[in-house]
Each structure stands twice: as C-alpha cells, then as structure tokens.
Amino acid sequence: MLVLCFSQQLFRQCNSLPPKIQIPNPSRNFIPYFLLQTVGHHSARNVYACNVRIGVLSRAGKVEVARQLFDEMPTRDVVSWNAMVTGFWQNGYFDDSKRLFDLMPARNVVSWNLMIAGCVENERIDEAFGYFCTMPKRNTASWNAMISGFVRCGRLEDAGRLFDEMPRRNVISYTAMINGYAQNGEIERARALFDCMPSKNAVSWTVMISGYVENGRFEEARKLFDQMPDKNVVAMTAMITGYCKEGKMGNARILFEEIQFRDCISFNAMITGTY
C-alpha cells in the first residue's frame, strides 16, 4: 500500500540564541547550549538562507553540521527551530528533538504537527497522541497525521474515531482511512468510503485498486482501474501485480509496455511475475 506522507511549509518569528557555541555530539547533553536570549537584528534573507541550508543538511544526514549552523545563527525564527527539530528525528535523534521542541520560545501549528510526525516515524504512537491532545490549535494536517499514525500502527478503531470527529476532512483524510481499511482486510468498508468521497485524486484511486489486488479481488480491481480517469504508474504497477497473480502474463506484459515512464517497482513487478 501507499505510504501517505504529509508536508507543510513553515514560518513565524521567535527569539534567538548566542553565536559561536561549541558543539557536542548528538544526545550528549547539547541542549543546555541552546540558551534562550535575544540578540541583535539579523537579515531576514540570511535567516531564510540558513533555514533552507539546515533542511538540506539534515536531509543529507549531516545533522551535526546542520546543528552547528543553527547554533551559530545570530537570529532564529520558528522555521529555524522547526527545521532543526525535524532534522533530529529524521536522523534518529528523537529524544534530542523532543528536548529542543520543549525549549522553543514560540511554536506554531506546524511545530506540533512535526512532533506528531516524528513520533509516528519513531513508532511512539501514544506520545504522538499526547502531542495531538496537548496542542492548542489543530488544523486538518494535524488530524490527518494522527489518523495516518493510528493506521500505520494497526489501531484502526482509533483512526476511525478521529476521522468521525474531524471538523473538516479532505482527500488525504479519506484516503488514509481507505488505506487502513484495505490493509486490514475490510475491503467493503474501504469501497464504501471511497464511493462517498466528495472528490478523489490519483492516490485515492490507486489505494483502492491496490487494496483490491492485495485482498485477492482482482476483478473488482480491474473494473475500477478501467474507470480511473488518469492512470498513473503506481496504479498500473498494482494491476500488473494482479495480472501476474492471476497468471495472465500476456495482459501484464501489455500493460507494462503502456507505461511511459517505468520505475524499478514496475520492472520488479514484471520480473517477479515471470517466475
């Protein structure tokens, strides 16, 4: 099944920290170095450039370099803090991420959403729910992140309860629940929810088609695939897998040839089906 990912853009100004701090190793009592005090004016353009750089370094696994840059910034805004908090848990330093979050001089809804995502990624679903319940204000992304976390941990009833309580749902909310039902073999509930979606996107169609294939309901998958308005490589690959499971290698090959931009998953599906 598809893994639903949630991303947000970050912005809000906060207090800053002193420059030229000696950097210890991650998880080795570095947090006391983040002393909360205001320093002089720093160009917003420079802050933005540093924030971007922190994100790039963190995604490249260079979290210590990112942290050093964060330490040396004369002025930080909430984006700086969010980027560093995320960088820690993305690189396996979840407890450091939590401590830095606790020291943030100001938080926005994105800050809280990022901590929920970090908890989910580190399989700490109860802590994620703790942040969700504590946050002063939630947006749709907050609810979606928590629902997807419960689905990921197999807690479908909890996910369904939150889905029902949501003040406003979007296509991601519906798709997350459809994904959860399909993963747990409740394909009829998945289809019922799919049919009542106010709007669908390519991911919604693909999740439902994949759910049918994975639950051994290939004929329903084929019918739904024929109705799909804009077929993508993921949906086509799911159907290739279904054809292979049904022993219809000729159909699988024809569909494979129709994929304009094939990826490794498409090739693997076709190769696996031939053996």
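Owing to the predicted nature of the structure, the values given are computational and were not obtained by experimental measurement. Below, each value reflects all heavy atoms present in this structure, side chains not excepted, and no hydrogens, waters or symmetry copies.
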Checking N201 side chain against V203 main chain: does a donor-acceptor pair fall under 3.5 Å? yes
One should read off an interatomic distance between I259 CD1 and M239 CE, to the nearest 0.5 angstrom, of 11.5 Å
So, for W112 and F132, is the gap between ring centers shorter than 6.0 Å?
-> no
Do R168 and W143 touch side chain to side chain, with heavy atoms closer than 4.5 Å?
no
- Going by an N to O cut-off under 4.0 Å, is there a salt bridge joining E188 and R191? no
Counting C-beta onward and ignoring hydrogens, is there a side-chain heavy-atom pair between N51 and M73 closer than 4.5 Å? yes
N215 and G185 have their tightest heavy-atom pair at OD1-CA, 3.3 Å
- Backbone N or O of A145 within a donor-acceptor pair of the S148 side chain at under 3.5 Å? no
Closest non-hydrogen contact found for S199 with V171 is O-CG2, 3.7 Å
Taken to the nearest 0.5 Å, the spacing of S80 OG from L69 CG works out to 9.0 Å
On a heavy-atom basis, the closest approach of M104 and S111 is CE-OG, 3.6 Å
Separation between CG (L162) and CD1 (I147), nearest 0.5 Å, reads 5.5 Å
### Message
Using side chain to side chain contact (heavy atoms under 4.5 Å, CB included), reason through R155 and D126 one step at a time and then give a plain yes or no.
### Response
CA-CA 11 Å; R155 291 168 57 170; D126 290 326; 2.9 Å; yes
Check: Is the shortest heavy-atom distance from the side chain of M208 to the side chain of I187 under 4.5 Å?
Finding: yes
With the side chain counted from C-beta on, respond yes when V65 and Q68 share a heavy-atom pair under 4.5 Å apart, and no when they do not. no
(request) Would you please indicate yes or no on a ring centroid separation below 6.0 angstrom for Y174 and F163? (result) yes
In short, V213 meets A221 closest at the heavy-atom pair CG2-CB, 3.7 Å
Check this for me: does any side-chain nitrogen of one of R99 and D96 sit under 4.0 Å from a carboxylate oxygen of the other? yes
With E219 as partner, the option from R222, R217, K223 fulfilling side chain to side chain donor-acceptor pair (under 3.5 Å) is R222
Self-check item: D102/K98 salt bridge by N-O under 4.0 Å criterion
Solution: no
Kindly say whether I54 contributes a backbone atom to a donor-acceptor pair with the side chain of S58 at under 3.5 angstrom?
yes
Checking W89, F88, F70 against V63 for side-chain contact (heavy atoms from CB on, under 4.5 Å), the one that qualifies is F88
Q. Are I254 and M270 linked, directly or through other ILVMFWY residues, by side chains that come within less than 4.5 angstrom of each other?
A. no
CZ (F261) and CG (N232) are apart, to the nearest 0.5 Å, by 13.5 Å
Answer yes or no: are there more than 12 heavy-atom neighbours, outside R138 itself, under 6.0 Å from its atom CZ?
yes
| Sub-4.5 Å side-chain heavy-atom contact between F256 and F267 | yes
query: Are the aromatic ring centres of W205 and F225 under 6.0 angstrom apart?
result: no
- Query: Taking C-beta and beyond as the side chain, do Y243 and F218 meet within less than 4.5 Å on heavy atoms?
  - Reply: yes
When T140, N139, N144 are each screened for side chain to side chain donor-acceptor pair (under 3.5 Å) with S142, the one that passes is N139
CE of M177 to CG of D164, rounded to nearest 0.5 Å, is 7.5 Å
So the salt bridge (charged side-chain N to carboxylate O under 4.0 Å, His left out) pairs with at least one residue in residues 228-254 (sequence neighbours excluded) are R253-E257
Worksheet item: Given side chains that start at C-beta, do those of N179 and Q183 come closer than 4.5 Å, heavy atoms only?
Response: yes
Next on the checklist: Could you walk me through whether C153 and E123 satisfy the side chain to side chain contact (heavy atoms under 4.5 Å, CB included) test, starting with their C-alpha distance in whole Å, then the side-chain angles of each, then the deciding distance to 0.1 Å, before giving a yes or no?
Outcome noted: CA-CA 8 Å; C153 295; E123 300 182 348; 5.9 Å; no
d(Y48 OH, D77 CG) to nearest 0.5 Å is 11.5 Å
| said: Can a donor-acceptor pair be found, under 3.5 Å and without considering hydrogens, that links the side chain of N122 to the backbone of R124? | reply: no
Validation row: T206, M228 side chains within 4.5 angstrom (heavy atoms): yes
Heavy-atom nearest pair, M197 first then S204, reads CE-OG, 3.5 Å
In terms of heavy-atom contacts, Y212 and L224 come closest through CE1-CD2, 4.2 Å
